[in-house]
Amino acid sequence: VMTALSLHDLVGMAQGVMTPPGKFIQSAQWKKMLDDARPAQGIVVGQVAQIVPPFVIRRRLDGPNNASVHTKDGDGQDVTEVYYILEGSGSYTTGGSIPDPKDRTAGIKGGVTNDIKPGDVIVIPPGSAHWFSKINGHITYLEARFPGNVLAPPPAK
């Protein structure tokens, strides 16, 4: 994943929002931040602990979860999302389409589904539908969003 992201871009983002000596967050602290989080839309969007932009830790529980697709024209978010699974297990579906945009808890039609567990990495380019199609109790993951499609080949010179 890191090779897909420019080290220069990551350093620039971190320098833009952090000052020395950096930030240390013990696991007990980010877990408490998640426990205390009360999202406006409840379980469908999960709990969020803000670390430092563009990094958050999210926890999703078994139950209805929103399928998403991010595009410049659709939701104004032309981003690549990167997830690193910290805790829990389940299944994650990417690709395909969202059959009912008004009920995103209905999930995705088509796409590719993978079983996920701690240590796994998911990279979702802009315009790709994505959804936790199954959660075994809970999933906790570190999420980062980067502008544009970091997986796209660089433009020809």
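Just so you know, these numbers use all the heavy atoms, side chains as well, and skip hydrogens, waters and symmetry mates.
Looking at I85 and D120, their side chains come closer than 4.5 Å, going by heavy atoms from C-beta outward. Using a 4.5 Å heavy-atom cutoff, the side chains of K72 and Q77 are not in contact. Between H70 and P126 the shortest side-chain heavy-atom distance does not fall below 4.5 Å. Here the side chains of Y92 and I139 are not in contact, with every heavy-atom distance at 4.5 Å or above. The shortest distance between side-chain heavy atoms of I51 and I25 falls below 4.5 Å. In this structure the side chain of N66 never reaches within 4.5 angstrom of the side chain of W131, judged on heavy atoms.
One hydrophobic cluster, built from ILVMFWY side chains closer than 4.5 Å, cannot hold both V56 and I122; they sit in different ones. I124 and V112 are not part of a single hydrophobic cluster, where members link through side-chain heavy atoms under 4.5 Å apart. Under a hydrophobic-cluster definition in which Ile, Leu, Val, Met, Phe, Trp and Tyr are linked whenever side-chain heavy atoms come within less than 4.5 Å, directly or via other members, V121 and L86 are assigned to the same cluster. Transitive grouping of hydrophobic side chains (ILVMFWY, heavy atoms separated by less than 4.5 Å) brings V123 and F146 into a common cluster. Tracing side-chain contacts under 4.5 Å through hydrophobic residues (I, L, V, M, F, W, Y), one reaches L142 starting from L34; they form part of the same cluster.
Atom CG of D115 is separated from atom OG of S89 by 8.5 Å, given to the nearest 0.5 angstrom. Atoms CG and NE2, on L61 and H138 in that order, are 8.5 Å from each other to the nearest 0.5 Å. Distance check: N114 CG to S133 OG gives 9.0 Å after rounding to the nearest 0.5 Å. Atom CG of N136 sits about 7.0 Å away from atom OG of S91, to the nearest 0.5 Å. The structure places CD1 of I57 at 9.5 Å from CD of Q29, a figure rounded to the nearest 0.5 Å. Rounded to the nearest 0.5 angstrom, E143 CD and T140 OG1 are separated by 12.5 Å.
F55 and Y84 have their aromatic ring centers separated by at least 6.0 angstrom.
Between T93 and T113, the side chains place a donor N or O and an acceptor N or O closer than 3.5 Å (distance only, hydrogens not considered). Between the side chains of T105 and D103, a donor-acceptor pair is found at a separation under 3.5 Å.
Ring pair Y83/Y141 is tilted by interplanar angle, where 30° to 60° counts as tilted.
In this structure, the side chain of N65 engages the main chain of G63 through a donor-acceptor pair within 3.5 Å.
Summarising the geometry of S68 relative to R104, their closest heavy-atom pair is OG-NH1, 3.5 Å, with the distance given to 0.1 Å. Across all non-hydrogen atoms, the minimal contact from I98 to A129 is CG1-CB, 4.2 Å. The two residues P118 and G88 come nearest to each other via the heavy atoms CD-O, 3.1 Å. In terms of heavy atoms, G148 sits closest to T80 at O-OG1, 2.6 Å. Residues M33 and A49 share a closest heavy-atom pair of CB-CB, 3.7 Å. Annotation for T71 and G127: closest pair CG2-CA, 3.6 Å, computed over non-hydrogen atoms.
For the pair E87 and K31, the salt-bridge criterion is met [side-chain N within less than 4.0 Å of a carboxylate O]. Salt bridge R59/D35: present, at least one basic N to carboxylate O contact under 4.0 Å.
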